[in-house]
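All remarks here apply to the structure that follows.
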Amino acid sequence: MAKSIPKKGSRKNVRIGSRNHTRKIPKGIIHVQASFNNTIVTITDVRGRVISWSSAGTCGFKGTRRGTPFAAQTAAGNAIRTVSDQGMQRAEIMIKGPGLGRDAALRAIRRSGILLNFIRDVTPMPHNGCRSPKKRRV
């Protein structure tokens, strides 16, 4: 059976976007998810496409050290360093989770020199939904 020849405008022979070309991104959204065990910092453009990300685990912290404020500060610094090279000046921050890295990541972002439009806490809060698990007895 012969292989079909793709049409001129089909997706098979057209490259959607080149990976090695760095875009100029003037504005973005910084998502910080701080759990008790880890802190993940994701930077997206306004449409929601991920530009850069980092976490305390990828920065080399293992075990319980991933949940520390210093690990969150390092993760935020790593994520912002790559984005500031692409020309980002303004950002919005969305913070989620109850972890220790919330404030440390925010301090690192402020120190980086990016102007912040607003800071929003998007931690999911139940409106008396599911029954919570029973309390731990230690």
Side-chain angles (χ1 to χ4, degrees):
M1 189 164 176
K3 196 174 190 181
S4 65
I5 300 168
K7 294 176 188 163
K8 184 110 172 125
S10 72
R11 288 181 70 121
K12 289 181 184 175
N13 60 355
V14 178
R15 180 108 189 231
I16 302 296
S18 72
R19 293 262 183 232
N20 56 8
H21 177 65
T22 57
R23 296 187 308 248
K24 290 291 179 191
I25 301 147
K27 187 179 177 192
I29 303 170
I30 302 173
H31 300 269
V32 178
Q33 190 199 353
S35 67
F36 291 116
N37 296 324
N38 202 354
T39 302
I40 302 169
V41 181
T42 308
I43 302 175
T44 65
D45 60 1
V46 182
R47 290 178 57 188
R49 296 178 295 190
V50 175
I51 302 160
S52 171
W53 68 275
S54 181
S55 71
T58 58
C59 292
F61 294 94
K62 299 282 186 198
T64 55
R65 292 191 201 92
R66 287 187 308 183
T68 60
F70 179 69
Q73 180 181 334
T74 309
N78 279 2
I80 285 178
R81 195 175 306 121
T82 58
V83 170
S84 60
D85 295 342
Q86 295 181 6
M88 184 181 282
Q89 293 110 15
R90 300 183 153 276
E92 305 165 355
I93 299 184
M94 310 281 198
I95 299 179
K96 182 192 280 188
L100 297 171
R102 292 167 58 106
D103 301 329
L106 183 59
R107 250 182 261 121
I109 293 165
R110 280 227 169 126
R111 213 177 308 125
S112 69
I114 293 177
L115 297 171
L116 303 179
N117 289 357
F118 61 83
I119 301 164
R120 182 178 291 167
D121 187 11
V122 291
T123 305
M125 298 292 283
H127 298 288
N128 281 349
C130 299
R131 182 173 179 156
S132 56
K134 65 181 181 183
K135 299 292 182 236
R136 281 185 69 204
R137 280 180 262 165
V138 181

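These values consider heavy atoms only, across backbone and side chains, with no hydrogens, waters or symmetry-generated copies. All figures in this text were calculated on a predicted structure; none of them were measured in a lab.
- Residue Arg49 places its CZ atom among more than 12 non-hydrogen atoms of other residues, nucleotides or ligands, all under 6.0 Å distant.
- Note that CG of Leu115 is 11.5 Å distant from CZ of Arg110, once rounded to the nearest 0.5 Å.
- At least one side-chain heavy atom of Asp121 sits under 4.5 Å from a side-chain heavy atom of Arg102.
- Nearest heavy atoms, Ala76 versus Ala105: CB-O, 3.9 Å.
- Once rounded to the nearest 0.5 Å, the distance linking CD of Gln89 with NZ of Lys27 reads 12.0 Å.
- Interatomic distance, Lys96 NZ to Arg120 CZ, rounded to the nearest 0.5 Å: 13.0 Å.
- Hydrophobic clustering, defined by side-chain heavy atoms of Ile, Leu, Val, Met, Phe, Trp and Tyr closer than 4.5 Å, groups Ile95 together with Ile25, Ile30, Val32, Val41, Ile43, Ile51, Ile80, Val83, Met88, Ile93, Leu106, Ile109, Ile114, Leu116, Ile119.
- For the pairing with Ile40, the side chain to side chain contact (heavy atoms under 4.5 Å, CB included) check across Ser55, Ser35, Ser54 returns one residue only, Ser55.
- Of all the heavy atoms in Gly101 and Ala72, the pair that sits closest is CA-CB, 3.4 Å.
- Shortest non-hydrogen contact noted between Asn38 and Gly57 is OD1-N, 3.7 Å.
- Here the closest heavy-atom approach between residue Asn78 and residue Cys59 is recorded as ND2-SG, 3.1 Å.
- Residue Arg66 comes nearest to Phe61 through the heavy atom pair CG-O, 3.2 Å, listed as atom of the first residue, atom of the second, then distance.
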